[in-house]
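So you know, we letter chains A, B, ... as the sequences are listed, proteins then strands, and number each from 1.
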Protein chains: 2
Amino acid sequence: MEDLAFFEATQAEPLEAGAQTRAERRDQQIQRILEAAKNCFVRSGFQGASMQQICVECGMSPGALYRYFPSKESIVEAICEADRQDEMTCFGVLKQPQSAVEGLVEAAIAHILHTHEKGSAPLFAEMRSESMRNEAVRCTVDGHKQQIANMIAPLLKGAIERGEIDPQVDLQTLMAVVMSIGEGLAINDLPSRGVALDQLEIVLRAMIVGMLRPTGHTDGEQSSVPATFSSFG
Amino acid sequence: MEDLAFFEATQAEPLEAGAQTRAERRDQQIQRILEAAKNCFVRSGFQGASMQQICVECGMSPGALYRYFPSKESIVEAICEADRQDEMTCFGVLKQPQSAVEGLVEAAIAHILHTHEKGSAPLFAEMRSESMRNEAVRCTVDGHKQQIANMIAPLLKGAIERGEIDPQVDLQTLMAVVMSIGEGLAINDLPSRGVALDQLEIVLRAMIVGMLRPTGHTDGEQSSVPATFSSFG
DNA sequence: TAAGTGAGAGCGAACATTCGCTCCGGAAAG
DNA sequence: CTTTCCGGAGCGAATGTTCGCTCTCACTTA
């Protein structure tokens, strides 16, 4: 009962100066929680991070935190959703590409660069493994993939119509491979492992060019199914 | 106090008949624990799965289980190590390849097929995210990568000497990209998403051929650095 | 008999969540 | 303009549960 001033201090301090509406303040607090939670999740994983850690990180009591999110699970979902939307911003290149090859190369580089700069590879890895057992996270991840697929599909379809791609190639397979590759490149965060972006671009472009023009470049076998493991399927 | 026979049953049942030494029995129990733990980890993640769940899954009491593994962490490490060794078995192709292209294609397909058949994609995803915060798991994963890299490197180096690969390409970058791609393909478990293996092989071969012969196939720009994002590095 | 093995109760700690409470800004009432 | 009142915001102790792990003791086997 003696230090009533304590409450005043902690309550007023974290907010920046200036008048703001209730809703603005609320949004601000939510962002504060999400940022703190993201740090904790990157550090300890979705399951390893505790609500108490998140409380410490954002300077809130559990009671306060639960006024903004009804459960830990809901924070996880919000984080995943935010990360998904953030990652979508770097695929604007796909809307006005010079060609299918250039569109894919630029998108790949942009994706890699974005993941590297935001340091979101650990969170992405966490999302990927969580999506294998958590329904909500799986929906978010799949929705994300579907959005990207919806951007790539017309790009490749247009390229097929313009004769830039061998029409024999299965579009479904091609898209699955392209997206898997993008994922593998992003999750490995090559720039932070010392891979130079210009070198990376050279290899990626060569690879994509080869992928989109499969016939006429293989060693001697121009015909449809080239041997080795074709018996599985 | 009335059904003492129950305990006898649960204790003797899980072991198969026939005389066996103590060491044999011990190995058998360890395998039983590891298999149970793997199921639990795939279902709930390393952090989400509890020792009690593992106990139920392998029909053991905690006291018994802790006789074989000193901690949950040690089980995680053992699982990762076993998975790593298991996964290495499918890269035998890289030792006697017809060519760099064929070696990589066959290795990729074998890797994808192996991951698909063993259903080890979820465990792999879990390992990947755990490796970002767990020292021991990181060492295992990195060791695994290094082993694969050590198999791929001479393959590509030999190909360079034989003139199969453009010497301008940076070997380090090429290896990083190749391995990232393999990871992306395996973690996505394309066969279970309806991608046919023969179609996959066509796309992969075209891609690898393009990657290993970057010059002379790009559209008009044979020279070293082809434009777009080259300013980063 | 001596060593190995397993069951299951139990440990303290940590977990996600809830509780009762105080505080504060602003609207309503006087 | 003052007073009253309301509800959002915040606190931190406390809830019951579950965690990884240990202990004791009975049983089996060589």
Side-chain angles (χ1 to χ4, degrees), chain A residues 1-15 17-33 36-37 40-41 44-77 134, chain B residues 1 3-15 17-30 32-33 36-37 40-41 44-77 134:
Chain A
M1 287 291 181
E2 29 208 354
D3 328 73
L4 283 182
F6 168 70
F7 293 105
E8 254 177 83
T10 52
Q11 201 155 338
E13 194 185 15
L15 298 173
Q20 47 184 337
T21 71
R22 293 294 247 257
E24 280 173 349
R25 183 191 157 83
R26 191 173 172 83
D27 285 351
Q28 207 170 328
Q29 294 289 68
I30 287 178
Q31 284 311 312
R32 192 150 69 101
I33 293 171
C40 290
F41 289 154
S44 315
F46 289 143
Q47 313 198 63
S50 72
M51 291 298 266
Q52 323 249 356
Q53 285 170 2
I54 298 175
C55 286
V56 170
E57 182 91 16
C58 70
M60 262 186 207
S61 66
L65 200 156
Y66 271 89
R67 270 190 197 282
Y68 296 95
F69 291 94
S71 65
K72 183 184 175 182
E73 172 66 24
S74 68
I75 298 182
V76 169
E77 290 172 21
N134 180 322
Chain B
M1 287 291 180
D3 327 77
L4 282 182
F6 168 70
F7 294 106
E8 252 178 84
T10 52
Q11 200 155 338
E13 195 183 17
L15 298 175
Q20 48 184 340
T21 71
R22 285 191 119 106
E24 280 173 349
R25 183 191 159 81
R26 191 174 172 80
D27 285 350
Q28 208 170 331
Q29 295 288 70
I30 287 177
R32 193 151 69 100
I33 294 170
C40 290
F41 289 152
S44 315
F46 288 143
Q47 313 197 65
S50 72
M51 291 300 266
Q52 317 208 4
Q53 286 169 2
I54 298 176
C55 286
V56 169
E57 183 91 14
C58 70
M60 263 185 206
S61 67
L65 201 156
Y66 272 90
R67 203 168 274 285
Y68 297 96
F69 290 95
S71 66
K72 181 185 176 183
E73 173 65 25
S74 69
I75 298 182
V76 169
E77 290 172 21
N134 181 321

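- If you check dT5(C), dT17(C), dT22(D) against the side chain of Pro62(B), the one that comes closest is dT22(D).
- A heavy-atom distance below 4.5 Å is found between the side chains of Arg26(A) and Tyr68(A).
- Regarding Met60(A), its CE atom lies at a distance of 15 Å from the C1' atom of dG12(D), rounded to whole Å.
- Nearest to the side-chain atoms of Ser71(B) among the listed nucleotides dA7(C), dC21(D), dG10(D) stands dC21(D).
- Ranking dA9(D), dC11(D), dA7(C) by closeness to the Ala64(B) side chain, first place goes to dA7(C).
- The distance from the CG atom of Leu65(B) to the SG atom of Cys55(B) is 4.5 Å, given to the nearest 0.5 Å.
- Taking atom CZ on Arg32(B) and atom P on dT5(C), their separation rounds to 13 Å, with Å as the unit.
- At the heavy-atom level, Phe69(A) lies nowhere under 4.0 Å from the strands shown.
- Put simply, CZ on Arg26(B) is 13 Å from C1' on dA3(C), counting in whole angstrom units.
- Whole-Å rounding puts the Ile33(A) CD1 to dA16(C) P distance at 15 Å.
- Within the model, atoms CD of Glu73(A) and CG of Asn134(A) stand 4.5 Å from one another, a figure rounded to the nearest 0.5 Å.
- Distance, Tyr66(A) OH to dA13(D) C1': 15 Å, rounded to whole Å.
- Of the candidate nucleotides dG10(D), dG6(C), dT18(C), dG6(C) has the atom lying nearest to any side-chain atom of Tyr68(B).
- For the OP1/OP2 pair of dG4(C) and a distance below 4.0 Å, the side-chain nitrogens and oxygens of Arg67(B) include no atom meeting the criterion.
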Go through the steps for Met60(A) and Arg32(A) under the test side chain to side chain contact (heavy atoms under 4.5 Å, CB included), then give the verdict. CA-CA 10 Å; Met60(A) 262 186 207; Arg32(A) 192 150 69 101; 3.6 Å; yes

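- Within residues 47-56 of chain B, the residues approached by DNA chain D to less than 4.0 Å at the level of any non-hydrogen atom are Ala49(B), Ser50(B), Met51(B), Gln52(B), in residue-number order.
- Rounded to whole Å, atom P of dC15(C) lies 14 Å from atom CG of Leu65(A).
- Nearest heavy-atom pair, Ile75(B) versus Ile33(B), reported as atom, atom and distance to 0.1 Å: CD1-CG2, 4.3 Å.
- Taken to the nearest 0.5 Å, the CD atom of Gln52(A) stands 10.5 Å off from the OG atom of Ser61(A).
- With the nearest nucleotide of DNA chain C identified for both Gly63(B) and Phe46(A), Gly63(B) has the one nearer the 5' end.
- Going from atom CD of Glu57(B) over to atom CZ of Phe41(B) covers 11.0 Å, rounded to the nearest 0.5 Å.
- Here the nucleotide nearest the side chain of Gln29(A), chosen from dA9(D), dG10(D), dT17(C), is dG10(D).
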